[in-house]
Amino acid sequence: WWFILYFLAATLIAQLLFSLLYEWLHEKKFWTSGIRQQVWAVGAFLLSSITFTSIFVGSRQVTRLLARPSQFTDLKAVATTKIWPNVLTTVAELNPSSLDSVVGQLGGYFLLTLSIIGILLTLKTSEEREGWLHMISLLFFGAGIGILLWYNWAGKSAGVLLLALVVLAAAVACIYFMIRKMDKLPHLNLTYVVLFGIWLGITLWSTRNGVRFTLLIVPPLAMGVGFFCGIVYNSLTAAASHGLGVGKNIVRAIVFALLLLFLFFPTNHIERGYRLGAGSVPSMNDAWYDTLTKIKDESKPNAIITSWWDFGHWFKAIADRPVTFDGGSQNRPQAHWVGKLFLTPDEKVSFGILRMLDCGANKAFDEVDSVLHDIPKSVDVINQIIVKDRKGASAVLTAEGFEADKIENVLQYTHCTPPEAFVIASDDMIGKGGVWGHFGAWDFNRAEMVFKTRNLERMGALAVLQSDFNLSLEEAEKIYREILSEDTNRWIAQWPGYVGGPQNCDVRDDVIACLIGTPSGSFPLLFDRNTLNATIPTNDGALHPNTLIYLEDGDVKRKEYDQSTIGFSVMLVPSGDGFVAFLADPLQAGSIFSQMFHYGGQGLKCYKPFDSRQQITGGRIYMYKVDWECKL
């Protein structure tokens, strides 16, 4: 909401500055009754905003107002203000959009041009309606038709160029008018030009930070088109009726019909939107509803649901249970912990993370870091203690120099007895595997390297890398070059996902033969069940997957290959009387998520199957209840 406050404040201040300029040029003084009235208006607006914001949403929101613009510009920055991962880098609504795409969604350059012209035409005096307004309106009317023709005939670049020329012509005309009519300046109304001009310009610019901000352009766009139609309607009807001697009602009807044709221009976008909506399938369906209702009916009110954040609002609304995080809290440290909970192949690590989250979210880390004041080291200490019992965790903290009261402060958030807990692994998380896997694999040491060197020159950065990270000069040089040349997100942590869907396999005696399809082609995989050897025959000899994940005696097994590997891992999953194969990043193959989803929880000791359903789309939902008494 804060941007509305800024726009309104800017409008009031612009009016005040304009009045100050006029008073100085014509009266050679500043403090007049009109200036005092405007100063009081600005002060009353800001004071009342601060007061009522403090009352209704808290004083903290007031203090955060000053930081909001910089936070918006750094919305998707990585390791600039913190070394925790920035989840907003992966939110689809925050993907940047091109100007052509945004304007296309709004109805095209023609409609945008009408809006800009309409906003500029509000810069007028009441005394000048019969003179300059007619000429400017007709000029802009012709220019608008020209833009329509150029845009359709000459391509988008020509349309953009002509739009810029029209805006420039409007600015020149307005400036010329103000110079010639200085005695009329007190009557100039800047309100609409400043307010809607700022709103339209900044929201158009804001789409560089996310396509979702296209929504914010609609109000000023609609107002501008309304201004254009109203001013042109009044001007043309008055001019035509007076100059041609035609009845006003006839002229009004003709002008109204012409303007209506302009507003019908974007109907192709409406039709496209209708087709898109009619062909969409809701993400919420009976399978999700029944699964979440089962939790509501068979769990205690304080039970906690953990999954990736996307559907968190569903979980709260339908299951009526709290969640680890959701769309309103996704950009918090929980993103790392939940990602790691699913990415690790070690159930003990996953169990320890979940217990910590359900005992106190990220408070255990906060307590540790309040003593160590070193984020990477604090994360490392958390990773050590969550896999130990209470006594072992206490010993680790003692060795790190924690006093008894501090140890207890930490352990209450890592080794409590949590409420009931449920974990969901659903098919949508396969496509998002690279995202939550990225946050789960987050390298805090690398993130801190970026954070500490981001504003330093070369020599300063090398000095920090050597002193703070114990690197040699050669290692520091290498790291510094990588930080400068590579994508920051990808350099800190890879994006371990799944490649394609299930691949059918044939069983030939003791050999399982699969044809693995990839975007760059297909290759055969042969797995000998006697020797547990997986090979990929090629003209240059046999290659191997990095790891092979398979099921044996109800447990998920993992075999690693050190030489002649292809860079990916293969999961063999029983399916009916045969097998299917999945290609995945080595970090993702055999992960807890893979064990939950692809292997149905076989071999897991603390995650007990609670529910499993197939959606109408064919994808499955697996629900697990956590056994807090289990021993690993």
Side-chain angles (χ1 to χ4, degrees), residues 4 7-8 11 14-15 18 103 106-148 162-163 166-178 181 184-201 203-204 216-244 246-267 269-270:
I4 296 292
F7 293 167
L8 291 174
T11 302
Q15 289 178 319
F18 180 79
V103 174
L106 295 171
Y109 283 101
F110 179 67
L111 204 60
L112 177 63
T113 302
L114 294 188
S115 180
I116 295 173
I117 294 172
I119 292 172
L120 290 172
L121 285 177
T122 63
L123 187 65
K124 64 182 186 300
T125 67
S126 57
E127 290 82 355
E128 295 297 317
R129 179 177 297 275
E130 299 298 323
W132 71 275
L133 184 57
H134 286 166
M135 289 196 307
I136 299 296
S137 297
L138 291 171
L139 172 65
F140 286 158
F141 184 83
I145 297 296
I147 280 191
L148 173 63
L162 198 55
L163 172 60
V166 170
V167 173
L168 181 61
V172 170
C174 291
I175 293 172
Y176 176 77
F177 166 73
M178 287 191 289
K181 302 292 182 179
K184 301 295 185 181
L185 283 180
H187 305 288
L188 272 176
N189 187 352
L190 296 177
T191 304
Y192 303 122
V193 171
V194 176
L195 177 59
F196 293 108
I198 290 176
W199 194 337
L200 184 64
T203 50
L204 270 171
L216 304 182
I217 307 173
V218 174
L221 179 81
M223 292 299 296
V225 173
F227 291 147
F228 177 86
C229 291
I231 293 172
V232 169
Y233 175 82
N234 289 331
S235 300
L236 287 182
T237 52
S241 178
H242 178 74
L244 300 178
V246 181
K248 286 188 176 181
N249 290 335
I250 297 175
V251 173
R252 287 171 181 168
I254 294 173
V255 173
F256 181 81
L258 290 173
L259 292 174
L260 200 60
L261 290 176
F262 289 153
L263 298 184
F264 280 142
F265 179 71
T267 52
H269 299 279
I270 298 173

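Residues passing the ring pair (Phe, Tyr, Trp, His ring centres under 6.0 Å) test with Tyr192, sequence neighbours excluded: Phe227. Take Leu204 and apply the side-chain contact (heavy atoms from CB on, under 4.5 Å) test, not counting sequence neighbours, and it matches Leu99, Val102, Leu112, Leu200, Ile217. Checked against side-chain contact (heavy atoms from CB on, under 4.5 Å), Val193 has the following partners two or more places apart in sequence or in another chain: Thr122, Leu123. Taking Ile198 as the reference, Phe7, Ala10, Val194, Ile202 meet the side-chain contact (heavy atoms from CB on, under 4.5 Å) condition, with sequence neighbours excluded.
Taken to the nearest 0.5 Å, the CD1 atom of Ile231 stands 10.5 Å off from the CD1 atom of Ile119. Put simply, CG on Asn249 and CZ on Phe256 are 13.5 Å apart, with the number rounded to the nearest 0.5 Å.
In terms of heavy-atom proximity, Leu195 sits nearest to Leu8 at CD1-CD2, 4.0 Å. The shortest heavy-atom contact between Ser115 and Pro220 is OG-O, 3.4 Å.
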List the steps and the verdict of side-chain contact (heavy atoms from CB on, under 4.5 Å) for Trp199 and Ile4.
CA-CA 8 Å; Trp199 194 337; Ile4 296 292; 3.6 Å; yes
